[in-house]
Amino acid sequence: MNLIEALAVGVGPRTAGSADAEQAADVVAEALRELGLEPRFQEFELLAYEAEPPELEVEGERWDAGPCMYAHPADVEGRAKRIGEVSAPIGDRKLPAFAVIADDGRELGRLLTSPFSRGAIPFLSTHVQTTTPPTAFLRAVDAERLEDGMRVRLHIGGRFVPGRRERNVIADIPGESSERVLLTAHYDSVFRGPGAVDNASGIEGVRRVAEQLVGRELARTVRVVAFAAEEIKLTGSRYFVDEAKLRGELASIAGMVNLDCIAHGEKLTLMASPDALLGRAVEAARTLGLLERYELETGPATGGVDTHWFAQEKVPAVTILHFPYDEYHLPDDTTELVDEQLVRDAVDLATTLVESQLARAVARPG
């Protein structure tokens with residue numbers, strides 16, 4: 001089974017809490033069964049959100065706008081005012097943030113800058129889901145031309161949907177020790193996004209790495225995890241970490257290798273913590289000849305990727321990406337974008353890093 005085709009074409013957009021996301025979890029589980037593994041589900045309750053395309057007018061002109069997940073619905077009219085900036089979830093760029101201000105000075109809504117892509121994308125604000133004001137995302141080029149005092153009309157029509165459930169998909173490749181190295185990716189996508197690159201490609205990469213490890217004698221157990229609900233503030237991986245912490249299982253996790261957006265993108269990006277693991281990842285990429293093919297960008301394992309919660313708990317963790325790319329979070333993130341060479345290179349690097357941590361785990365920072 002090729003999970004890029006199965007998820008991006010066979011299922012299509014698979015937002016957290018939807019019936020399509022439920023189908024996607026079943027597809028991933030079936031792919032793991034085909035490898036001879038015994039997948040199981042880690043289920044959790046979810047307050048879901050059904051987005052609608054926001055409507056935005058600036059000085060009477062219709063502007064493109066992307067939905068902010070969990071934005072409270074509203075119809076607002078006022079004037080734009082730049083109120084600060086937001087850090088991009090990957091990299092060190094700062095993105096302008098605006099408020100929509102009523103004539104009496106009250107803040108009615110927010111306009112944020114899309115952190116990546118050429119378009120106005122579905123994304124989340126820095127607020128937690130329950131406190132997100134009426135918000136939409138601008139294209140970066142439109143954020144540059146938005147000026148204080150411009151007249152703004154904004155319609156937000158999304159709705160909160162209680163009572164939904166989500167599922168992380170988990171399967172073990174047994175080793176000699178109960179200590180585990182996690183091999184992970186997320187399988188959900190954004191509103192109206194087929195998510196071939198983000199992140200059916202990462203899930204397919206995990207399947208290929210697992211296929212190479214099945215049946216081998218391993219020093220440690222490899223736990224394969226397909227996370228749900230990554231696109232809503234890394235919710236599936238946070239639930240996994242919270243449960244492991246509660247049950248006293250974090251100490252048994254020797255390390256983690258996560259794959260995200262590995263089929264299309266400008267740079268080979270390695271996000272790893274601690275520095276010893278980052279150094280190991282860079283050296284592995286050099287040995288495989290990847291630094292001759294790709295521009296390299298590095299950073300810590302925290303930010304907008306599923307290694308975030310693990311790194312916060314001092315679990316050695318690395319995310320492998322090819323990033324950024326123009327079609328990120330847009331409806332044209334389709335299978336036509338997939339570069340098989342990029343996928344193979346990411347899989348080779350992930351396999352090397354899993355094998356490395358199976359043989360010799362990186363020490364946790366003090």
Side-chain angles (χ1 to χ4, degrees), residues 1-12 14 16 18-44 165-175 178-189 195-218 220-230 235-237 239-241 243-244 249 252-263 306-307 310 317 319-320 335 338 343-344 346-348 350-351 353-355 357-358:
M1 183 185 298
N2 183 309
L3 284 170
I4 299 177
E5 291 283 343
L7 292 176
V9 179
V11 178
R14 46 201 182 276
S18 67
D20 296 311
E22 182 178 6
Q23 181 186 356
D26 290 335
V27 168
V28 173
E30 181 58 31
L32 296 177
R33 288 190 193 96
E34 288 184 1
L35 299 181
L37 303 179
E38 298 179 0
R40 61 192 183 278
F41 298 115
Q42 181 185 47
E43 298 193 33
F44 54 91
R165 295 180 66 82
E166 262 300 354
R167 301 182 291 175
N168 293 329
V169 186
I170 302 173
D172 288 337
I173 305 173
S178 60
E179 264 197 334
R180 306 178 190 108
V181 173
L182 304 185
L183 171 62
T184 70
H186 75 89
Y187 65 82
D188 61 312
S189 72
V197 177
D198 184 17
N199 188 37
S201 69
I203 287 288
E204 170 63 10
V206 163
R207 189 198 67 79
R208 295 185 192 187
V209 176
E211 186 174 34
Q212 296 182 55
L213 298 174
V214 169
R216 290 172 47 181
E217 293 185 3
L218 306 175
R220 294 178 168 89
T221 294
V222 173
R223 174 157 290 179
V224 177
V225 187
F227 292 122
E230 187 267 0
T235 296
S237 56
Y239 186 85
F240 184 97
V241 169
E243 283 293 293
E249 297 174 353
S252 68
I253 301 176
M256 175 186 188
V257 177
N258 182 60
L259 296 173
D260 201 341
C261 301
I262 63 168
D306 279 319
T307 45
F310 295 87
T319 290
I320 300 168
T335 55
V338 172
V343 176
R344 286 196 299 268
V347 167
D348 288 346
T351 303
L353 290 172
V354 170
E355 291 173 338
Q357 292 188 84
L358 289 172

Roughly how far apart are L182 CG and F310 CZ, rounded to 0.5 Å?
5.5 Å
Measure the shortest side-chain to side-chain distance between V169 and E30 over non-hydrogen atoms and say whether it is less than 4.5 angstrom.
no
Could you go through residues 18-25 and list every donor-acceptor pair under 3.5 Å that involves a side-chain atom there, pairing it with any protein atom two or more places apart or in another chain?
unit_1, atom_1, unit_2, atom_2, d
S18, OG, T15, O, 2.6
S18, OG, D20, N, 3.4
S18, OG, A21, N, 3.1

With the side chain counted from C-beta on, respond yes when E166 and T235 share a heavy-atom pair under 4.5 Å apart, and no when they do not.
no
Is a salt bridge present between R208 and E211, judged by a nitrogen-to-oxygen distance below 4.0 Å?
no
Exactly one of L35, V354, V224 clears side chain to side chain contact (heavy atoms under 4.5 Å, CB included) with L213, and that residue is V354
Closest contact, heavy atoms only, M256 versus T307
SD-CG2, 3.8 Å
Of all heavy-atom pairs between D260 and N199, which one has the smallest distance, and what is that distance?
CA-OD1, 3.2 Å
So which atom in A210 and which in L183 form the shortest heavy-atom distance, rounded to 0.1 Å?
N-CD2, 3.9 Å
Determine whether F240 and D306 make a side-chain contact, defined as any pair of heavy atoms from C-beta on separated by less than 4.5 Å.
no
Ignoring hydrogens and angles, tell me if any N or O in the side chain of E204 forms a donor-acceptor pair with the backbone of L3 under 3.5 Å.
yes
Using only atom types and a distance under 3.5 Å, with no angle test, would you say the side chain of R220 pairs donor to acceptor with the backbone of L218?
no
Is there side-chain contact between S237 and E230, with at least one heavy-atom pair below 4.5 Å?
no
Between Y187 and A228, what is the shortest heavy-atom contact and its length?
OH-CB, 3.4 Å
Kindly give the heavy-atom pair with the smallest separation between G175 and T221, and that separation in Å.
N-OG1, 3.1 Å
Do V257 and I320 have side chains that get closer than 4.5 Å, going by heavy atoms?
yes
Kindly say whether G236 contributes a backbone atom to a donor-acceptor pair with the side chain of N168 at under 3.5 angstrom?
yes
So D26 and R167, do their side chains get closer than 4.5 Å, heavy atoms only?
yes
Please round to the nearest 0.5 Å and tell me the distance separating atom CD1 of I262 and atom OG1 of T319.
11.5 Å
Working to the nearest 0.5 Å, report the span between CG of L353 and CG of D348.
11.0 Å
Is any side-chain heavy atom of D198 closer than 4.5 Å to a side-chain heavy atom of H186?
yes
Do E355 and Q212 have side chains that get closer than 4.5 Å, going by heavy atoms?
no
Shortest non-hydrogen contact between V225 and I170, atoms and distance:
CG1-CG1, 4.1 Å
